[in-house]
Amino acid sequence: MSDVRQQDPATAQLMERILYEVKRVVVGQDRFLERVMVAMLAQGHLLVEGVPGLAKTLTVKTLAQAVRGQFKRIQFTPDLVPADLVGTRMYNQKTAEFSTTLGPVFANLLLADEINRAPAKVQSALLEVMQERQVTIAGESHKVPEPFLVMATQNPIETEGTYPLPEAQVDRFMMKVLVDYPTDEEEYVIVERVTGPRIDVSPVASTEQLAALQAQCRQVYVDPSLVQYAVKLVSATRKPEVHGLKDLSRFITFGASPRATIGLTEGARALAMLRGRSYALPEDMVDLVPDVLRHRVVLSYEALAEGLTADQVVDKIMAKIPPPAKPLEHEKRAA
């Protein structure tokens, strides 16, 4: 019966306080904020695409203040070098010794702003720290603080002077979230808050409490049928014809990796926890499928010529492969 118990009230209250504190500053963007919290609980990274001025930076900075985390922002530019991110070895003339200077990646929340403005060699400097949570400088490994979240932004409007992200790095982002303009009502409130008295963010949690929430998230029950659903979805991006989607084969060059299946499972856990449950339901995973798969499906030239997007391909796959409808194990146990 331990798998079917409701979430600890103290846990729900803590997450509610964190969200409330961020929402005091950030207006709207509920879906984006929810995805940031999912990534944080599931220990994943986030790639955010949206036009400038949609509070992407403000959201992460406010969240870092609410959890007493260290926030660092890196503005990616063409003249950046890998050492500007991870750090380097410096020679001290007084002591005649080398010392290690750590870069801005050593933070709890790292914002890589306009990540596609820097060339691939700079972007690749994040590969090790995103996967291994450590940086190697001159043969010596340095661990980054825990918890650790990378949120990268890119602008969908301008393509001049941008570089495509390496596939290896794109795959390390758990989700790619599209941020849209606020509604008229939300924009009115935004103007009132920005032009009104300054709102100071109060720290309501600590990084230790956040680490405890991450550990608790790993205990959320995911039914095997849900994992099988994730496996089928990801498999359909690689071999559509096997799942009755032969027409899609010519539109997909490369499908998603096993990281997508892991991301769907861990994301469903985190979303279930945010929604106050200690078990994941099919709708938790279904909500995250587009965000987890859209950046991992590499479309063919034929798809681009026909104006097909990755989201449309994912929608076709989801329409063909339904989520599990049979009762989940936790429901049987509860009965």
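When a residue number appears, it is its place in the shown sequence, counting from 1.
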For this session: Identify whether Leu210 and Val204 are in the same connected component of the hydrophobic contact network (ILVMFWY, side-chain heavy atoms under 4.5 Å).
Result: yes
Problem set entry | Minimum heavy-atom distance between Pro147 and Gln214, given as atom pair plus value | CB-NE2, 3.4 Å
Exercise. With distance as the sole test, does Glu21 use its side chain to make a donor-acceptor pair with the main-chain N or O of Ser202 at under 3.5 Å?
Worked result: yes
Problem set entry | Steps toward side-chain contact (heavy atoms from CB on, under 4.5 Å) verdict (Gln65, Phe71) | CA-CA 8 Å; Gln65 291 173 331; Phe71 170 77; over 6 Å; no
Problem set entry | Met285 reachable from Ile321 in the ILVMFWY side-chain graph, under 4.5 Å edges | yes
For this session: Quick one: do Val26 and Phe32 satisfy side-chain contact (heavy atoms from CB on, under 4.5 Å)? Show the steps, please.
Result: CA-CA 11 Å; Val26 181; Phe32 169 49; over 6 Å; no
For this session: Answer whether the closest heavy-atom distance between the side chains of Leu109 and Met151 falls below 4.5 Å.
Result: no
Exercise. Who are the side-chain contact (heavy atoms from CB on, under 4.5 Å) partners of Lys320, not counting sequence neighbours?
Worked result: Leu245
Exercise. Can we say Glu167 and Arg296 salt-bridge, meaning some charged N sits less than 4.0 Å from an Asp/Glu carboxylate O?
Worked result: no
Exercise. Residues in side-chain hydrogen bond (donor to acceptor under 3.5 Å, both in side chains) with Glu132, at least two apart?
Worked result: none
Seminar exercise, completed: Those residues at least two apart in sequence (or on a different chain) that pass side-chain hydrogen bond (donor to acceptor under 3.5 Å, both in side chains) with Arg294 are Asp291, Asp311
For this session: State whether the number of non-hydrogen atoms from other residues, nucleotides or ligands found under 6.0 Å of Lys23 atom NZ is greater than 12.
Result: yes
For this session: Using side-chain hydrogen bond (donor to acceptor under 3.5 Å, both in side chains) as the criterion, list what pairs up with Arg238, not counting sequence neighbours.
Result: none
Exercise. By side-chain contact (heavy atoms from CB on, under 4.5 Å), which residues pair with Val194, not counting sequence neighbours?
Worked result: Ile190
For this session: Please answer: with hydrophobic residues joined when any side-chain heavy atoms are less than 4.5 Å apart, are Val105 and Leu63 in the same cluster?
Result: no
Problem set entry | Counterpart residues, side-chain hydrogen bond (donor to acceptor under 3.5 Å, both in side chains), relative to Thr59 (two or more places apart) | none
Exercise. Who are the side-chain contact (heavy atoms from CB on, under 4.5 Å) partners of Val286, not counting sequence neighbours?
Worked result: Tyr229, Met318, Pro323
For this session: Using side-chain contact (heavy atoms from CB on, under 4.5 Å) as the criterion, list what pairs up with Gln131, not counting sequence neighbours.
Result: Arg172, Arg259
Exercise. Going by distance alone, is a donor N or O of one side chain under 3.5 Å from an acceptor N or O of the other, for Ser124 and Gln169?
Worked result: no
Problem set entry | Phe106 side chain near Val86 side chain, heavy-atom distance below 4.5 Å | no
Exercise. What's the verdict on side chain to side chain donor-acceptor pair (under 3.5 Å) for Gln219 and Ser278, showing C-alpha distance, side-chain angles and the deciding distance?
Worked result: CA-CA 8 Å; Gln219 305 301 317; Ser278 60; over 6 Å; no
For this session: Report whether Leu165 and Leu178 are members of the same hydrophobic cluster (ILVMFWY, side-chain heavy atoms less than 4.5 Å apart, transitive linking).
Result: no
Exercise. Are the side chain of Thr62 and the backbone N or O of Val22 linked by a donor-acceptor pair below 3.5 Å?
Worked result: no
For this session: Step through the shown structure and confirm whether more than 12 heavy atoms of other residues, nucleotides or ligands are within 6.0 Å of CZ on Arg17.
Result: yes
Problem set entry | Within 6.0 Å of CD in Glu283, more than 12 heavy atoms from elsewhere | yes
Problem set entry | Beyond-backbone contact of Ile317 with Val313, side-chain heavy atoms, under 4.5 angstrom | yes
Exercise. Rounded to the nearest 0.5 Å, how far does CE of Met40 lie from CG of Leu149?
Worked result: 5.0 Å
Exercise. Is Val27 close to Arg193 at the side-chain level, that is, under 4.5 Å between some pair of heavy atoms?
Worked result: yes
Problem set entry | Side-chain donor or acceptor of Thr237 paired with backbone N/O of Ala256 under 3.5 Å | yes
Exercise. Phe76 and Val122: which non-hydrogen atoms are nearest, and at how many Å?
Worked result: CE2-CG1, 4.1 Å
Exercise. Is there a donor-acceptor contact under 3.5 Å from the side chain of Thr136 to the main chain of Gly139?
Worked result: no
Problem set entry | Close side-chain approach of Tyr221 to Leu226, heavy-atom, < 4.5 Å | no
Exercise. If you measure from CG on Leu274 to CG on Leu19, what distance do you get to the nearest 0.5 Å?
Worked result: 6.5 Å
Exercise. Any side-chain heavy atom of Arg117 sitting closer than 4.5 Å to one from Thr77?
Worked result: no
For this session: Answer with yes or no whether the hydrophobic clustering places Leu126 together with Met175; edges join I, L, V, M, F, W, Y residues whose side-chain heavy atoms lie under 4.5 Å apart.
Result: no
Exercise. If you measure from the Lys or Arg side-chain nitrogens to the Asp or Glu carboxylate oxygens, is any gap between Arg275 and Asp287 under 4.0 Å?
Worked result: yes
Exercise. Salt-bridged, Asp180 to Arg31, with N to O below 4.0 Å?
Worked result: no
For this session: Could you note down all residue pairs passing side chain to side chain donor-acceptor pair (under 3.5 Å) where residues 242-252 supplies at least one of them, sequence neighbours left out?
Result: Ser235-His243, Glu241-Ser249, Arg250-Glu302, Arg250-Glu306
For this session: Hey, could you give me each pair passing ring pair (Phe, Tyr, Trp, His ring centres under 6.0 Å) that has a residue in residues 252-271? Not counting sequence neighbours.
Result: none
Distance-only donor-acceptor pairs under 3.5 Å for side chains of residues 41-54, two or more places apart:
| residue | atom | partner | partner atom | Å |
| --- | --- | --- | --- | --- |
| His45 | ND1 | Val150 | N | 3.0 |
| His45 | NE2 | Met130 | O | 2.9 |
| His45 | NE2 | Arg133 | NH1 | 3.4 |
| Glu49 | OE1 | Gln154 | NE2 | 3.0 |
| Glu49 | OE1 | Lys176 | NZ | 3.2 |

Exercise. What's the verdict on side chain to side chain donor-acceptor pair (under 3.5 Å) for Thr11 and Gln216, showing C-alpha distance, side-chain angles and the deciding distance?
Worked result: CA-CA 9 Å; Thr11 301; Gln216 195 170 337; 3.1 Å; yes
Exercise. Which pairs count as salt bridge (Lys or Arg N to Asp or Glu O under 4.0 Å) when at least one residue sits in residues 57-74, sequence neighbours excluded?
Worked result: Arg73-Asp113
Exercise. So do Gln134 and His142 actually touch side chain to side chain, heavy atoms under 4.5 Å?
Worked result: no
Exercise. Are Ile137 and Leu102 close enough, and set up right, to give a side-chain contact (heavy atoms from CB on, under 4.5 Å), and what steps lead you there?
Worked result: CA-CA 9 Å; Ile137 303 173; Leu102 301 178; 4.2 Å; yes
For this session: Test the Arg277-Tyr279 pair against the cation-pi criterion, namely NZ or CZ under 6.0 angstrom from the six-membered ring centroid and within 45° of the ring axis.
Result: yes
Exercise. Under 4.5 Å between any side-chain heavy atoms of Ile74 and Leu80, yes or no?
Worked result: yes
Exercise. For Asp84, does its backbone N or O pair with a side-chain atom of Thr88 as donor and acceptor, under 3.5 Å?
Worked result: no
Problem set entry | Verdict with reasoning, Leu14 to Leu213, per side-chain contact (heavy atoms from CB on, under 4.5 Å) | CA-CA 9 Å; Leu14 178 60; Leu213 287 177; 3.9 Å; yes
Exercise. Is there a donor-acceptor contact under 3.5 Å from the side chain of Asp284 to the main chain of Leu271?
Worked result: no
Exercise. Is there a side chain to side chain donor-acceptor pair (under 3.5 Å) between Asp171 and Ser257 once you walk through the steps?
Worked result: CA-CA 8 Å; Asp171 196 40; Ser257 75; 2.8 Å; yes
